[in-house]
Asks: 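After the structure tokens below, expect a handful of questions from me.
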Amino acid sequence: MKRTILFFIASLTCTILVVGCCNCRQRAKLEKPLVGTEWQLVQIMGREVGATGDSYTITLHDNGTITGVGDCNRLTATYSVTPSRAITISELGSTRRLCPNHEAESAYYDMLESVTHYEMDADNMILLSNGTLVAIMRARPAVQ
């Protein structure tokens, strides 16, 4: 009788573990790759951003560089990542066109340089600075 109960409990525990992990595997399949995806800013410092067109975008390339656009200026930078999702963005440079929303573009650049970690959630890349949420970027749909 004790063996039957132990077998039942062990089977139930294994079933719960397998079913519980299914969601993790499905979620991982939904995540967009960090490198090669074009990311557009949707929220910075808790404020929604109405980015349109190519504004406030970045693309991380497999050679350790980033390209993108601020409000109206093109940007380049370098980055490095670790398996624990630590990220460092440095050497950020941009063109110097006079943008109508210069303050927002400066805040965007400052935010990018302050990022220390990232998390992925399906189509979203969540950017953190020392554990504090600083921005959310969303994968842009691929152009057909």
Side-chain angles (χ1 to χ4, degrees), residues 5-144:
I5 291 172
L6 287 175
F7 179 74
F8 175 74
I9 291 172
S11 296
L12 183 60
T13 303
C14 288
T15 302
I16 290 170
L17 288 173
V18 169
V19 171
C21 288
C22 286
N23 188 28
C24 298
R25 286 191 299 257
Q26 289 172 350
R27 189 177 196 123
K29 288 180 185 178
L30 295 175
E31 286 182 3
K32 299 294 184 192
L34 176 68
V35 175
T37 300
E38 184 177 29
W39 300 98
Q40 186 163 45
L41 186 67
V42 293
Q43 187 184 94
I44 186 169
M45 304 305 288
R47 292 182 309 244
E48 297 296 317
V49 176
T52 59
D54 291 337
S55 66
Y56 299 103
T57 58
I58 59 171
T59 303
L60 288 80
H61 304 280
D62 56 7
N63 65 358
T65 63
I66 296 175
T67 56
V69 179
D71 184 53
C72 71
N73 285 298
R74 298 204 170 278
L75 70 93
T76 61
T78 60
Y79 76 95
S80 62
V81 293
T82 68
S84 64
R85 297 190 181 207
I87 184 169
T88 303
I89 298 173
S90 56
E91 300 178 26
L92 194 142
S94 70
T95 56
R96 297 183 182 251
R97 293 176 36 198
L98 184 58
C99 300
N101 203 349
H102 173 69
E103 294 82 20
E105 187 173 71
S106 289
Y108 176 61
Y109 295 157
D110 291 344
M111 176 276 299
L112 288 172
E113 290 183 312
S114 76
V115 171
T116 58
H117 289 83
Y118 70 95
E119 294 294 331
M120 305 301 279
D121 184 17
D123 284 348
N124 295 316
M125 177 173 55
I126 300 159
L127 301 176
L128 306 159
S129 178
N130 297 316
T132 302
L133 173 67
V134 292
I136 299 173
M137 301 192 84
R138 184 163 295 138
R140 291 193 52 190
V143 178
Q144 301 287 334

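The residues of the chain are indexed from 1 along the displayed sequence. Just so you know, these numbers use all the heavy atoms, side chains as well, and skip hydrogens, waters and symmetry mates. Note that the structure is a prediction, hence the values are computed from the model and not measured.
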Asks: Would a distance-only check, ignoring hydrogens and angles, find a side-chain to backbone donor-acceptor pair under 3.5 Å from E105 to N73?
Replies: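 Looks like yes, one N/O pair under 3.5 Å.
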Asks: Any side-chain donor-acceptor pair under 3.5 Å between D71 and S55?
Replies: no
Asks: Quick one: pull up CG in L128 and CD1 in I136 and give me the separation to the nearest 0.5 Å.
Replies: 9.5 Å
Asks: Can you name the closest pair of heavy atoms from Y79 and I66 and give their distance?
Replies: CD2-CG1, 3.6 Å
Asks: What closest approach, in Å, do A139 and K32 show between heavy atoms, and which atom pair accounts for it?
Replies: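 In this case the closest contact between A139 and K32 is CB-CG, 3.6 Å.
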Asks: Indicate the atoms forming the closest heavy-atom contact of S129 with S114, along with that distance.
Replies: OG-O, 2.9 Å
Asks: Would you say R140's side chain and T37's backbone share a donor-acceptor pair under 3.5 angstrom?
Replies: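 No, because the side chain of R140 does not come within donor-acceptor range (under 3.5 Å) of the backbone of T37.
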Asks: Looking at every heavy atom in both A77 and L92, which two are closest together, and how far apart are they?
Replies: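 Where A77 meets L92 most closely, the heavy atoms are CB-CA, 3.9 Å.
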Asks: Is there a donor-acceptor pair under 3.5 Å between the side chain of D123 and the backbone N or O of R138?
Replies: no
Asks: Would you list the pairs meeting salt bridge (Lys or Arg N to Asp or Glu O under 4.0 Å) in which at least one residue belongs to residues 76-93, sequence neighbours left out?
Replies: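 Every pair satisfying salt bridge (Lys or Arg N to Asp or Glu O under 4.0 Å) with a residue in residues 76-93: E31-R85.
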Asks: Nearest 0.5 Å, what's the CG-SG distance between D54 and C72?
Replies: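 D54 atom CG to C72 atom SG measures 12.5 Å (nearest 0.5 Å).
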Asks: So how far is it from L75 CG to I89 CD1, rounded to the nearest 0.5 Å?
Replies: 9.5 Å
Asks: Can you see which heavy atom on I126 is nearest to which on L133, and at what distance?
Replies: CG2-CD1, 3.3 Å
Asks: To the nearest 0.5 Å, what is the distance between OG1 on T78 and NE2 on H61?
Replies: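 So the OG1 of T78 and the NE2 of H61 are separated by 12.5 Å.
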Asks: What distance do Q40 atom CD and M125 atom CE have between them, rounded to the nearest 0.5 Å?
Replies: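 Answer rounded to 0.5 Å: 11.5 Å.
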Asks: Using side-chain heavy atoms (C-beta onward) and a distance below 4.5 Å, is V134 in contact with M45?
Replies: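 Yes, at least one pair of side-chain atoms sits under 4.5 Å.
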Asks: How far apart are the C-alpha atoms of I58 and Y108, what are their side-chain angles, what is the distance that settles it, and do they pass the side chain to side chain contact (heavy atoms under 4.5 Å, CB included) test?
Replies: CA-CA 11 Å; I58 59 171; Y108 176 61; 3.2 Å; yes
Asks: Between atom CH2 of W39 and atom CG of N124, what is the distance when rounded to the nearest 0.5 Å?
Replies: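 Answer rounded to 0.5 Å: 7.5 Å.
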Asks: T88 and S90: side-chain donor and acceptor closer than 3.5 Å?
Replies: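 Per modelled atom types, T88 and S90 side chains form no pair under 3.5 Å.
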Asks: Closest heavy-atom contact between L41 and M111?
Replies: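 What the structure gives for the nearest pair is CD1-CE, 4.2 Å.
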Asks: Is the closest side-chain heavy-atom distance between I87 and L60 below 4.5 Å?
Replies: yes
